[in-house]
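What follows is a set of notes on a single structure, which appears directly below.
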Amino acid sequence: MDNFNAMFEDATTKSWWRQENGLAIAGALKGTYLPELPSAQMTVSDWLALHPNSLILQRDTNFKKQYADLIGYDEDTLKSSLEKRDTASWKMKSWVTGVSLNNKLKVYDWNMVMQKIILEDSLANTPILISAEQNGKTVYVLSRKIDNDTLHFTYNAINKLMEDEETKSL
């Protein structure tokens, strides 16, 4: 562990890698970063709504107790000394939504995204939309550009959908 950051050793080069950013901090590949791949964090039900033909890796029943010990992790209800999620904004262990686009980076406060439900911004000259699911666990970052048009969105509280102002599409 390095400041609560798990370290991994690869079997080939014996380099030690940081979990948080894929940086090798020791060994033959010290200073090298693992390439980042697009990823998403969301509930299984939200994932399956987007990708209904997904295969899901099931829990290893040999570790049933260890899995049970993690129930409540995302809700910040564990009594573990390692979790200690800070639910306030912009603290060391606060949740954020990070966006990387064309080598430009921006981070959004999780609490603000959850409160506003939709948030418009731009990054790297691209108009973006940050949208939160009602479950408070899933956030999407989408482009607001369709062909040559930039769409502007509001949250329609009646049907709980986004509505674009230009076409009134939900």
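Residue H152 holds its NE2 atom at 14.0 Å from CE of M162, rounded to the nearest 0.5 Å. Atom CD of E165 is separated from atom OG1 of T167 by 10.5 Å, given to the nearest 0.5 angstrom. Note: L142 CG to I130 CD1 = 9.0 Å, rounded to the nearest 0.5 Å. Interatomic distance, NZ of K106 versus OG1 of T97, reported as 13.0 Å (0.5 Å rounding). To the nearest 0.5 Å, atom CZ of residue R18 and atom CD1 of residue I25 are 5.0 Å apart. In this structure, T150 OG1 and L129 CG are separated by 12.0 Å, a value rounded to the nearest 0.5 Å.
Following chains of ILVMFWY side-chain contacts shorter than 4.5 Å, one cannot reach M42 starting from V96, and the two form parts of different hydrophobic clusters. Clustering ILVMFWY residues whenever any of their side-chain heavy atoms sit less than 4.5 angstrom apart, transitively, puts V113 in a cluster other than the one holding Y140. V141 and M112 fall within the same hydrophobic cluster, defined by Ile, Leu, Val, Met, Phe, Trp and Tyr side-chain heavy atoms under 4.5 Å apart, directly or through other members.
Taking the side chain as every heavy atom from C-beta outward, L29 and W17 approach each other to under 4.5 Å. Contact check for K30 versus W16: no side-chain heavy atoms found under the 4.5 Å cut-off. When side chains are defined from C-beta on, K104 does not count as touching N125, because their heavy atoms never get closer than 4.5 Å. For the pair I128 and K145, the minimum side-chain heavy-atom distance is 4.5 Å or more.
L101 and A124 make their closest contact through O-CB, 3.5 Å (heavy atoms, listed as atom of the first residue, atom of the second, distance). Of all heavy-atom pairs spanning S94 and S89, the tightest one is OG-C, 3.8 Å. Taking all atoms of both residues into account, the shortest heavy-atom contact from G136 to W110 is O-CZ2, 3.3 Å.
Between the side chain of N156 and the main chain of I158, a donor-acceptor pair closer than 3.5 Å is present. Using a distance-only test at 3.5 Å, with no hydrogens or angles considered, no donor-acceptor pair links the side chain of S100 to the main chain of L105. The backbone N or O of D149 sits nowhere less than 3.5 Å from a side-chain atom of D147 that would complete a donor-acceptor pair. With D46 contributing its side chain and A49 its backbone, the two residues share no donor-acceptor pair below 3.5 Å. With hydrogens and angles ignored, the 3.5 Å screen pairs no side-chain donor or acceptor of R144 with any backbone N or O of F153.
More than 12 heavy atoms of other residues, nucleotides or ligands lie within 6.0 Å of CG in N159, so this atom counts as buried by the packing criterion. Within 6.0 Å of CD on E36 lie no more than 12 heavy atoms contributed by other residues, nucleotides or ligands.
Under the side-chain contact (heavy atoms from CB on, under 4.5 Å) criterion, Y155 pairs with I117, I118, Q134, A157, K160, sequence neighbours left out. Applying the salt bridge (Lys or Arg N to Asp or Glu O under 4.0 Å) criterion to E9, with sequence neighbours excluded, gives no partner residue. Considering only residues two or more places apart in sequence or on other chains, W90 meets the ring-ring contact (aromatic ring centres under 6.0 Å, His included) condition with none of them.
When each of L170, L151, I146 is paired with D164, the side-chain contact (heavy atoms from CB on, under 4.5 Å) condition holds for L151 and for no other.
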